[in-house]
2 protein chains.
Amino acid sequence: MPTFSVILIEPRYEGNIGSVARVMKNFGFSELILVNPVKLGKEARAMAMHGIDILKNAKKFDNFSAVKEKFDFLIATTSIVGTDRNPLRTPIPLYDLKNALEVEGKIGLVFGRENYGLYNEEIEACDLLVSIPASEEYPTLNLSHSVAILLYEISRQRFENRKKRLKKLRRADLVEKKVLLEKFDSFVDSVHDREQDAKLAKKTFRQLIGRAFISGRESFTLIGLFRRARERIKK
Amino acid sequence: MPTFSVILIEPRYEGNIGSVARVMKNFGFSELILVNPVKLGKEARAMAMHGIDILKNAKKFDNFSAVKEKFDFLIATTSIVGTDRNPLRTPIPLYDLKNALEVEGKIGLVFGRENYGLYNEEIEACDLLVSIPASEEYPTLNLSHSVAILLYEISRQRFENRKKRLKKLRRADLVEKKVLLEKFDSFVDSVHDREQDAKLAKKTFRQLIGRAFISGRESFTLIGLFRRARERIKK
């Protein structure tokens, strides 16, 4: 799974920077990078609340070039969808970020200036451009709102991906579990002569398997075992 | 489709209220209701930016009871997941809001105080309790961040629902389109003697249908027409 850092380019309002630190803490992110920021004072600290450690540990750089080389993948953000300003790049909507979350490495989320956003050359230095789908009438979100929504969406998609992976895992396991139980039963039948004993053994094993959330690999191992056992008993 | 209003209970920082107005404008929402708010001044207006009309038109009430009766469905928000404070209600994660978006009517999104959230009796007066899944270590978001994420998520789920409906519609249409083209061809064959003419008519009709994104209902109507026509010609 990749790690994410938040990179703010020339933020001018310290309240925003504090708010960003807070929401990073809210969603469990920790590395904040500030490129040529305004001086941080009381207001930034007040807005950071329990994200104060993130604010204090924020790394400061004079320019974006020095930051770029520290990352494997950079995601630029814009509220401008397909205008003259960025004719070279069409942003993908935040809803479709999924694939970017599947890469490995260190990902930087790059946010532009409060009044202007990112310059073209900054966007071009990034690997991907995303925008938060918003009202055409007024798509420009407050800086810390943009960060909040991006971090929320990354958390959400991670959660969905985890859920999907778990489901897939479970499906695979179900098939193997069925085979395992068949092999086990056949093995039991070759072992016990009294039906009562066989029944109890089967029931017990089922309960055990059920409680243990047996994995595919484990099933596979036991299938081999019981199959082999059964063959030996036949001889 | 339901309409959504944002209801802030006793907000104490005017900057937050302005920020909420701005993000409402960003996502195309318009009704803001303030229950016993702090006095609004310059800071609220500055933070509202182009959401200033929403701030100016905000409706003020002395207490929550007067607000409740204006809504068909109230959604309360909390950052506290299953503690002693709200033993009666377990919040659903924001990810699972879907069903609430399928109801009709006037929905109110209720946000509590910056320092305390909602009181138990306020939560109990609502129909549903949601929380934004966040870090266990520090789940309390800034008020305007909570609003921003809720409005973003509602927009996103609306978008997903629309996409799903469109897909369903298209699938149904594909089947009917196929039948329609069969009926049309058979009709054409019964009309034209020269193969060339039949070919052209079929081609033309296909292009027309393709461009027009014909609906299921429209297909159904034309199927009836051509079938009947074909029968008449046979006689």
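Letters A, B, ... are given to chains in the order of the sequence lines, protein chains preceding strands, and every chain is numbered from 1.
Using cut-offs of 30° and 60° on the angle between ring planes, the pair B/H145 and A/H145 is perpendicular. Note on ring orientation: taking the six-membered ring where Trp is involved, the planes of B/H50 and A/Y138 are perpendicular (angle over 60°, cut-offs 30° and 60°). Note: B/Y152 and A/Y95 have tilted aromatic rings, judged against thresholds of 30 and 60 degrees for the angle between ring planes.
With rounding to the nearest 0.5 Å, the separation of CG in A/N142 from CE in B/M47 is 5.0 Å.
Residue B/N115 places its CG atom among more than 12 non-hydrogen atoms of other residues, nucleotides or ligands, all under 6.0 Å distant. Counting heavy atoms of neighbouring residues, nucleotides and ligands inside a 6.0 Å radius, atom NZ of A/K60 does not exceed 12 of them. The number of heavy atoms from other shown groups lying within 6.0 Å of OH (A/Y13) does not exceed 12. By the neighbour-count criterion of 12 heavy atoms within 6.0 Å, atom NZ of B/K56 is sparsely surrounded, having that number or fewer from other residues, nucleotides or ligands. Around atom CD of A/E121, more than 12 heavy atoms belonging to other residues, nucleotides or ligands sit under 6.0 Å away.
Counting heavy-atom pairs under 4.5 Å between each of A/P133, A/G51, A/S155, A/S144 and chain B puts A/S144 at the top.
Proximity to chain B (any heavy atom under 4.5 Å) is restricted, for A/I132, to the side chain, taken from C-beta onward.
Closest of all the heavy-atom pairs between B/S135 and A/G28 is CB-N, 4.0 Å. Closest non-hydrogen pair, A/P139 versus B/N26, comes out as C-ND2, 4.0 Å.
In terms of modelled atom types and a separation under 3.5 Å, the side chain of B/R22 and the main chain of A/T140 share a donor-acceptor contact.
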